[in-house]
Amino acid sequence: MQHLTSIDQEFDRLQSGDRIALSQLITKSESTKTADQAFIDCIIFKGKDRQKLTRRIGITGAPGVGKSTLIEKIGSNISSLGRKLAILAVDPSSSVTKGSILGDKTRMNEISKLSNVYIRPSPSKNFLGGIAENTRKAIQLCEIAGYDDIIVETVGIGQSEHDVSQVVDMTIWVGIAGAGDELQAVKRGIMEWADLFVINKVEEMSLDAAHLAKAQLLSSIKYLPKAKSGSTLDVILISAIENKGIDVLMDKIYDYFNINSDNNSLTMKRLDQANDYFVLLWRKEIADNLLLIDDFRIKFETISSLIAKHEVSVEKGVDEMNKYILNKCR
Ligand SMILES: Nc1nc2c(ncn2[C@@H]2O[C@H](COP(=O)(O)OP(=O)(O)OP(=O)(O)O)[C@@H](O)[C@H]2O)c(=O)[nH]1
Ligand SMILES: [Mg+2]
């Protein structure tokens, strides 16, 4: 009973736009305790209708390409329209470098002072629950707190950029021309998840070099499969620091949301994401739960030790474990 009352109370605090409640609940959502997760899940479920009205944007790219500087520009544009904006920084490397939190605060100096902007830097701990899982919950909590637009900044390292694209409506990839970023990005299959490409710091190069970089990127992506949303991919040249090209970029962002809302693509995208998340979570949970049952755990440990001694291959071990489970369930 106590638990239910506090869920209601916390929900009300969150919904009233209390920033301290929002920060505390995001911290709770990063906890590895089952009770904390259950508490957060109840709050999120209670506020599920709020999600329909929001826009979620992911900004990804290699370290130092200017993501935070760009978010400051996008953010001031969005907030000047009277919309409430939340910015979540997800940095899988921050536990190693510990540098981004301070950097983000200074880079987003102007908008961090606005009352309709909320900035949440990376958690200092590791993402034990997985980046996508933690970010999804943080996004949903911001939405219940009344934020209309959520921008997620993530450093393009390894799986993180793909993971983040699983929880946003639009993913914007940021790179610098000539740094080899674009080739790296194409190699890693950005087409699968990016909806718009931005080349930043163009004031540092000649106009010809900037256009050449754009043409090269366009030609690399031309033959790859179309983005799931069906939108045509584009490359925008900008200088975040000099505020150049930001208007064009904002038009592209608004166009993307208008087109994909009208043709229902965004609803479908969120449904797909929810379904993928369900499958992922269910797979993870089913293995964890099975191992709570003595018979299965003992069998699992026996097979594990045989694999460790090279007496059984991994494939054979999986096969044997599955047969054992299926037999027991019949
Ligand atoms: N010349 C130039 N420098 C820029 C531009 N945009 C950002 N920078 C600089 O690039 C550096 C990195 O900028 P950030 O915005 O922190 O880049 P980031 O991608 O958020 O960096 P991480 O979060 O550490 O991955 C800073 O010194 C910025 O001032 C630009 O348009 N032109
Ligand atoms: Mg940054």
Side-chain angles (χ1 to χ4, degrees), residues 57-79 85-113 117-124 126-127 131 134-135 138 149-165 168 170-182 184-185 188 190 193-194 196-211 213-214 217 235-250 252-253:
I57 302 170
I59 309 269
T60 187
V65 292
K67 299 178 293 296
S68 302
T69 312
L70 173 60
I71 291 172
E72 160 104 3
K73 307 293 173 189
I74 297 177
S76 53
N77 196 301
I78 288 176
S79 64
L85 170 71
I87 297 164
L88 304 170
V90 178
D91 182 355
S93 65
S94 71
S95 56
V96 183
T97 63
K98 296 199 167 39
S100 73
I101 295 176
L102 192 66
D104 282 341
K105 278 205 174 136
T106 44
R107 231 77 82 202
M108 298 184 202
N109 195 22
E110 287 309 310
I111 52 169
S112 65
K113 293 177 199 147
V117 176
Y118 171 83
I119 302 179
R120 167 87 182 187
S122 296
S124 51
N126 288 327
F127 291 90
I131 289 173
N134 276 309
T135 310
D149 296 313
I150 323 291
I151 298 184
V152 182
E153 172 181 345
T154 183
V155 178
I157 297 175
Q159 264 294 104
S160 65
E161 50 196 2
H162 173 262
D163 285 354
V164 166
S165 75
V168 294
M170 177 183 202
T171 306
I172 301 175
W173 176 87
V174 186
I176 312 172
D181 282 5
E182 59 273 37
Q184 276 305 317
R188 285 203 312 272
I190 34 169
W193 45 263
L196 186 63
F197 296 85
V198 170
I199 296 177
N200 190 30
K201 308 194 183 183
V202 290
E203 91 288 348
E204 284 186 337
M205 60 180 80
S206 71
L207 209 59
D208 283 352
H211 283 287
K214 176 175 174 170
L217 190 50
V235 180
I236 316 278
L237 302 175
I238 65 157
S239 165
I241 224 156
E242 291 192 352
N243 219 5
K244 284 186 187 145
I246 306 297
D247 288 354
V248 179
L249 175 61
M250 290 315 300
K252 286 279 168 196
I253 293 175

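Order of appearance sets the numbers: ligands from 1, and atoms from 1 within every ligand. On a predicted model such as this, the values are computed, not experimentally measured, just so you know.
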(request) Give the minimum heavy-atom separation between Lys73 and Ala240, together with the two atoms involved. (result) CE-O, 2.9 Å
(message) Checking one value in my table: which N/O/S atom of Glu153 lies closest to the Mg ion (ligand 2)?
(response) OE2
(message) When you compare the side chain of Asn77 with that of Ile253, does any pair of heavy atoms fall below 4.5 Å?
(response) no
(request) Answer yes or no: is there a donor N or O on one side and an acceptor on the other, between the side chain of Glu72 and the main chain of Glu110, under 3.5 Å? (result) yes
(request) Could you confirm whether Ser68 has any N/O/S atom lying under 2.8 Å from the Mg ion (ligand 2)? (result) yes
(message) When you measure from the side chain of Lys201 to the backbone of Ala177, do you find a donor-acceptor pair of N or O atoms at a distance under 3.5 Å?
(response) no
(request) From the options Val174, Val198, Asn243, select the one residue that forms a side chain to side chain contact (heavy atoms under 4.5 Å, CB included) with Ile238. (result) Val198
(request) Report yes if Ile238 has an N/O atom closer than 3.5 Å to an N/O atom of ligand 1; otherwise report no. (result) no
(message) So for ligand 1, is Pro63 a polar contact partner (N or O within less than 3.5 Å, distance only)?
(response) no
(message) Measuring from atom 17 (O) of ligand 1, which candidate in Ser239, Ala240, Gly66, Gly245 has the nearest non-hydrogen atom?
(response) Gly66
(request) Applying side-chain hydrogen bond (donor to acceptor under 3.5 Å, both in side chains), name anything that partners Ser239, two or more places apart in sequence or on another chain. (result) Glu203
(request) Between Asn200 and ligand 1, find which residue part has any heavy-atom pair under 4.0 Å and reply side chain, backbone, both or neither. (result) side chain
(request) For ligand 1, find out whether one of its N or O atoms is nearer than 3.5 Å to an N or O atom of Glu204. (result) yes
(message) Looking at non-hydrogen atoms alone, which of Lys201, Lys244, Lys67 comes nearest to atom 19 (O) of ligand 1?
(response) Lys67
(message) Taking the side chain as everything from C-beta on, heavy atoms only, tell me whether Ile246 gets closer than 4.5 Å to Leu70.
(response) yes
(message) If I apply the N/O under 3.5 Å rule, does Val155 come out as touching ligand 1?
(response) no
(message) Show the atoms of ligand 1 that are less than 4.0 angstrom away from any heavy atom in Glu203.
(response) 1 (N), 2 (C), 30 (C), 31 (O), 32 (N)
(request) Compare Ala89, Ser68, Gly64 and give the one whose heavy atom is closest to atom 21 (O) of ligand 1. (result) Gly64
(request) Have a look at ligand 1 and work out which part of Glu153, if any, has a heavy atom under 4.0 Å from it: side chain, backbone, both or neither. (result) side chain
(request) Quick one: list whatever passes side-chain hydrogen bond (donor to acceptor under 3.5 Å, both in side chains) with Lys214, sequence neighbours left out. (result) none
